[in-house]
Amino acid sequence: MSILKLQETLRETVKKTALEKFDIDLGQVPAEVPPKTELGDLAFPIAFELAKQIKLATGEKQNPRQIAEILKTSLESFDFVGKVEVAGPGYLNVFYNRAKFLAENSRNNFFKTVDENSPKVCVEHTSVNPNKAAHIGHVRNSVLGDTFVRILRANGKRVEVQNYIDNTGVQVADVVVGFVHLRKMDLAQIKQLEAGLEIPFDYYCWDLYTEVGKFYAENEENKKFRAETLHELEKGSGEIYELADYVATRNVECILRTMNRFDIRYDLLPRESEILHLHFWQKAFELMKERGVIHFENEGKNKGCWVMPFESHEGTDEHDADKILVRSNGTVTYTGKDIAYQMWKLGLLGLDFNYKLFQAYDDGKEVWITTAEQITDANAPSFGHSETVYNVIDTRQSYPQEVVKKGVATIFPDKGEAASVHLSYEMVALSPAAAEELGFELSDEDKQRTFVEMSGRKGLGVKADDLLDRLESDALREVENRHPDISNDEKQSIAHRIAVGALRYFLLKYTKNTVVVFDFKEALSFEGETGVYCQNAAVRFNSIFKKVAERFETGENELLEKSFGTIESENEEVARIFSSEIGHDLWSLVILASRLEEIIQQAAAVTEPAILAKYNFNLSKAMHLFHHNHRIISEENPVKRAVLIVIADLTRRALTAGLRTMGIEVPERM
RNA sequence: GCUCGCGUAGCUCAGUGGAUAGAGCGCUUCCCUCCGGAGGAAGAAGUCGCAGGUUCGACUCCUGCCGCGAGUACCA
């Protein structure tokens, strides 16, 4: 019986007993993990509540401890329960039958398998404007989204990953202005430039975008080029459109390559141009008008616009609460397009994109992109039609996300607001020291602040590839010190895994609504609470198995099978070991490793990957301690040795699975 | 103004209404005869922003206040 099943059974027993003995329906029975293994494996602080309810129902005053004693008897009859203690003023502490639990759960592989027939869930993340290289703030979005995808899959969900491409927006227009008006280039010249470029194309655009920012700042007049360009982009054809399409697509390729370095991949790239040209917006617009969700403003400051009223954001001025979806010049706002896109994701729009293959990753996995061309690729999978949609977008966009959610829910009340989830998170900012390290002159005001916001327009930010390069070279230096004899390829592969692990862990250890103040020293650290620390615990355990198998002249699998057999047949001796003085120590590791499934479920339910990061760190810490306190190779008692082997195996598999769910791989050695 | 988030050790952060509030960094001291050193042990360090309230029990829930951040665009 798995830990989740066990917990559920115990809760039900408590509920049933309360009903039978006291005639009280407890509803959801709260349970908690006691602060120490010595206090048990699961605690029910329920006797206090029961005493209160009994008094309320009958007027009879009962001692919580006495109530706990009655519950204790019913829980003890269950064979997975070793013992139950009533502690303090009325805690009910349940101790599992350790030997039995280990024998039954030692082969646990923790995750549910994905059911291909289950309803699909969509996660949209990354969605970097395709006009420059991705920076560390974008990576927080992608890592958060990708990890959440992995968590959902570990929970057995079928997930589709979308990366929205805003290829006709202001930011792409700006970099096009740079190419056309500052560099005076046409498409052919851009291609020629690229051929001789020593930096990646997205790096070039990063700098050019910054120049355009200055160009606008010099003279407000210069912004007319932006408006002209935007107009060309909306038209969907012509020389400027072709040029912009090329630039945006090249940037998408660069960003996908960057994200692939972090093991982040996508199924579909839906583009804004198709939302427009395939008339998604018009369709959504009609639906909203039909349902009376939006109205045309004849007067006031929003005169000439189509707006959606938004009652929960009361403003002081008359119509402050309304959100404009169609501007007075007839163009659609981003939020308007986003409503159409959201409706499509949920299979509610009644229109579909056309698809073509964008690229395949090394292992053959395909990424598709939307197109307005009337082509039907028979190989294109079915996209959209999701039961639930998670949008990974930073917290500053909470307001437009609310508008999207409410808008869709008003048009489709059956679907409701629950189908649209804004997975919001705080930004990554720079510490003033980090900004200065990047060569930026800070204003006196900025120097006083605890952090400085990154700005693509100003070119202020840590590029994702730069940081990963730096982490890889730091890691490589360490690997070279430790393993001078291995091949360069192997060194680099280890360094890469360490670097990715370090950065992903760094971005995931903070809870979503904490601003990550980027600091080079912390981000580049390989010590303390880091991905490296966790990887190291797993590597050490793997090396134990190699050494032990070698010592006993057997294979790892044979060693494990034999140990599983011993655990299953030597129940009494295993029980004796668990009640010896090292018993709590060993057991705490078993129970911690077994909790992975619970953690995965919890992380999905509250959309918080940081829970998993903390878990992996705590498990790693317990493993380092085990490593320090127990020696398998020199253990002479064969049953105890088998217990140590099975525990070491269970924990390394839990850690490896937990880390993989964070997108962190365990290297062969380090 | 209004809406949302935050305030916990010197610093950066965890913390389902439950037991003695925890980590990492930094600081002090110690441990390489090993399956360990990208480690491990021990220590110092707290008005959980302030004031009320609810509760058998509050860092956690409610109210007010103070401080910080974000949003409140015909930007996204």
Side-chain angles (χ1 to χ4, degrees), chain A residues 30-36 39 43 45-49 51-52 64 87-91 93 127 129 166 169-171 297 301-307 310 312-317 320-321 323-335 337-338 393-400 402 424 426-427 429 431 449-451 453 475 478-479 481-482 498 502 509-511 513-517 519 521-522 525-530 532-533 535-537 539-541 543-548 550-551 602 606 610-611 613-614 617-618 621 624-625 627-634 648 670:
Chain A
E32 57 172 2
V33 177
K36 279 189 202 162
L39 293 171
I46 196 71
F48 315 108
E49 174 67 21
K52 187 166 51 175
Y91 287 103
N93 291 340
S127 307
N129 272 300
D166 186 4
V170 174
Q171 295 210 21
E297 208 69 66
K301 65 174 196 171
N302 294 335
K303 186 179 175 185
C305 300
W306 284 90
V307 304
F310 205 64
S312 65
H313 282 248
E314 292 284 321
T316 42
D317 294 334
D320 242 2
K323 179 68 195 166
I324 291 166
L325 298 186
V326 181
R327 304 182 184 101
S328 56
N329 67 5
T331 57
V332 193
T333 61
Y334 185 94
T335 306
K337 284 175 268 193
D338 215 15
I393 308 177
D394 81 66
T395 184
R396 289 171 293 189
Q397 290 188 50
S398 295
Y399 172 60
E402 274 292 298
S424 92
E426 267 291 356
M427 63 179 160
S431 67
R449 297 169 71 102
T450 50
F451 59 81
E453 217 172 310
E478 297 284 341
V479 173
N481 285 338
R482 279 156 235 250
I498 290 172
K509 74 174 176 178
Y510 300 97
T511 50
N513 54 5
T514 297
V515 177
V516 173
V517 180
D519 176 82
K521 187 169 166 281
E522 265 176 65
S525 170
F526 291 157
E527 283 167 23
E529 193 194 340
T530 61
V532 180
Y533 178 93
Q535 287 172 318
N536 196 230
V539 169
R540 277 183 171 172
F541 272 48
S543 91
I544 291 177
F545 277 87
K546 280 199 200 87
K547 288 269 167 59
V548 174
E550 215 172 274
R551 161 73 179 73
Q602 198 189 345
V606 300
I611 295 172
K614 279 286 181 265
F617 176 63
N618 285 328
K621 225 168 23 164
H624 278 300
L625 195 59
H627 208 248
H628 189 74
N629 291 337
H630 308 287
R631 229 144 291 206
I632 293 173
I633 213 158
S634 56
M670 53 194 291

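Naming convention: chains lettered A, B, ... in sequence-line order (proteins, then strands); numbering from 1 in each chain.
- For A:N629 and B:rG40, the CG to C1' distance is 9 Å, given to the nearest whole Å.
- Nucleotides B:rU63 and B:rU28 place their C1' atoms 45 Å apart, quoted to the nearest Å.
- Here the side chain of A:R396 is nearest to one of B:rG36, B:rA70, B:rA38, namely B:rA70.
- Figure legend. B:rG67 is base-paired to B:rC6; pairs are counted as Watson-Crick or G-U wobble with both atom distances under 3.5 Å.
- In this structure, the NZ atom of A:K36 is 10 Å from the P atom of B:rU20, given to the nearest Å.
- In this structure B:rA44 sits in no base pair that meets the Watson-Crick or G-U test at under 3.5 Å.
- Base orientation of B:rG67: anti, the glycosidic angle falling outside 90° of 0.
- At a threshold of 4.0 angstrom between heavy atoms, the contacts of A:P64 with the nucleic acid are absent.
- At a threshold of 4.0 angstrom between heavy atoms, the contacts of A:H624 are confined to the sugar-phosphate backbone, with no base atom among them.
- For the pair A:L39 CG and B:rA19 P, the interatomic distance rounds to 11 Å; values are reported in whole Å.
- Residue A:D394 places no side-chain atom within donor-acceptor reach of the base of B:rA76, judged by atom type and a 3.5 Å distance cut-off alone.
- Under the Watson-Crick and G-U wobble criteria, each requiring two contacts below 3.5 Å, nucleotide B:rU72 is paired to B:rG1.
- Close to B:rA76, at under 4.0 Å from its OP1 or OP2, lies a side-chain N or O of A:R327.
- At a threshold of 4.0 angstrom between heavy atoms, the contacts of A:N481 with the nucleic acid are absent.
- For the residue pair A:F526 and A:A502, the shortest heavy atom distance occurs at CE2-CB, 4.0 Å.
- One atom, CD of A:E453, and another, P of B:rA70, lie 7 Å apart when rounded to the nearest Å.
- Residues A:I324 and A:V326 approach most closely at CG2-O, 3.5 Å, considering heavy atoms.
- Here A:D166 lies in heavy-atom contact (under 4.0 Å) with sugar-phosphate atoms only.
- Between B:rG17 and B:rC13, the two P atoms lie 23 Å apart (nearest whole Å).
- The nearest whole Å value for the distance from the CG atom in A:D338 to the P atom in B:rA76 is 10 Å.
- Looking at heavy-atom distances under 4.0 Å, A:F541 makes no contact with the nucleic acid at all.
- The A:V479 side chain lies nearest to B:rA38 when the options are B:rA19, B:rA38, B:rA76.
- Backbone-only contact: A:L625 has heavy atoms under 4.0 Å from sugar-phosphate atoms and none from a base.
- Across all strands shown, A:Q397 has heavy atoms under 4.0 Å from base atoms, whether or not it also approaches the sugar-phosphate.
- Taking atom CZ on A:F451 and atom P on B:rG7, their separation rounds to 14 Å, with Å as the unit.
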Report summary line: With sugar-phosphate taken as primed atoms, P, OP1 and OP2 and all else as base, the protein-contact string of nucleotides 13-18 of chain B at under 4.0 Å (heavy atoms; B, S, -) is SSSB-B
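- Looking at heavy-atom distances under 4.0 Å, A:A51 makes no contact with the nucleic acid at all.
- The residue among A:P400 and A:A43 whose nearest nucleotide of RNA chain B lies closer to the 5′ end is A:A43.
- Here A:V548 lies out of heavy-atom contact (under 4.0 Å) with every strand.
- In a base pair of the Watson-Crick type (N1 to N3 plus N6-O4 or O6-N4) or a G-U wobble (N1-O2 and O6-N3), with each distance short of 3.5 Å, B:rU60 is matched with no nucleotide.
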Report task. Just do the side chain to side chain contact (heavy atoms under 4.5 Å, CB included) check on A:K614 and A:E529 with the steps written out, would you? Result -> CA-CA 9 Å; A:K614 279 286 181 265; A:E529 193 194 340; 3.0 Å; yes
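- Ion pairing of A:R396 with A:D394 is present here, as a side-chain N (NZ or NE/NH1/NH2) and a carboxylate O approach within less than 4.0 Å.
- No contact: A:K337 has no heavy atom under 4.0 Å from any strand.
- Across all strands shown, A:R540 has heavy atoms under 4.0 Å from sugar-phosphate atoms exclusively, and none from any base.
- Across B:rG71, B:rA23, B:rC75, the shortest atom-to-atom separation from the side chain of A:Y399 is found for B:rG71.
- Between the CG atom of A:D519 and the P atom of B:rC11 there is a distance of 15 Å, rounded to whole Å.
- Heavy-atom minimum distance, A:P64 versus A:A47: O-CB, 3.3 Å.
- Using a 4.0 Å heavy-atom criterion, one finds that A:S398 contacts no nucleic acid atom at all.
- Using a 4.5 Å heavy-atom cutoff, the side chains of A:K337 and A:D166 are not in contact.
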Requested in this report: Apply side chain to side chain contact (heavy atoms under 4.5 Å, CB included) to A:V332 and A:L325, showing your working.
Outcome: CA-CA 6 Å; A:V332 193; A:L325 298 186; 5.7 Å; no
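- Separating the C1' atom of B:rG15 from that of B:rG7 is a span of 15 Å, rounded to the nearest Å.
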Query raised in the report: What do the steps show when you test A:E522 against A:V517 for side chain to side chain contact (heavy atoms under 4.5 Å, CB included), and what is the final call?
Result: CA-CA 10 Å; A:E522 265 176 65; A:V517 180; over 6 Å; no
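- Listed here is the closest heavy atom pair of A:P45 and A:E32: CG-OE2, 3.9 Å.
- Atom CD1 of A:I393 is separated from atom C1' of B:rA70 by 16 Å (rounded to the nearest Å).
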Query raised in the report: Going through the checks in order, is the side chain to side chain contact (heavy atoms under 4.5 Å, CB included) test met by A:K621 and A:F617?
Result: CA-CA 6 Å; A:K621 225 168 23 164; A:F617 176 63; 4.0 Å; yes
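- When each of A:V532 and A:T335 is assigned the nucleotide of RNA chain B bearing its nearest heavy atom, the one mapping closer to the 5' terminus is A:V532.
- For the OP1/OP2 pair of B:rA38 and a distance below 4.0 Å, the side-chain nitrogens and oxygens of A:R482 include at least one atom meeting the criterion.
- Looking at heavy-atom distances under 4.0 Å, A:Y533 makes contact with sugar-phosphate atoms alone, never a base.
- When the nucleotides B:rG24, B:rG36, B:rC74 are ranked by their closest atom to the side chain of A:R631, B:rG36 comes out on top.
- Here A:R449 reaches the OP1 or OP2 of B:rA70: one of its side-chain N or O atoms lies under 4.0 Å away.
- A:T450 is not listed as a side-chain neighbour of A:V515, based on a closest heavy-atom distance of 4.5 Å or more.
- Each of B:rA23, B:rG71, B:rA38 was ranked by its minimum atom distance to the side chain of A:N536; first place goes to B:rA38.
- Using Watson-Crick or G-U wobble geometry with both donor-acceptor distances under 3.5 Å, B:rA14 finds no partner in any strand shown.
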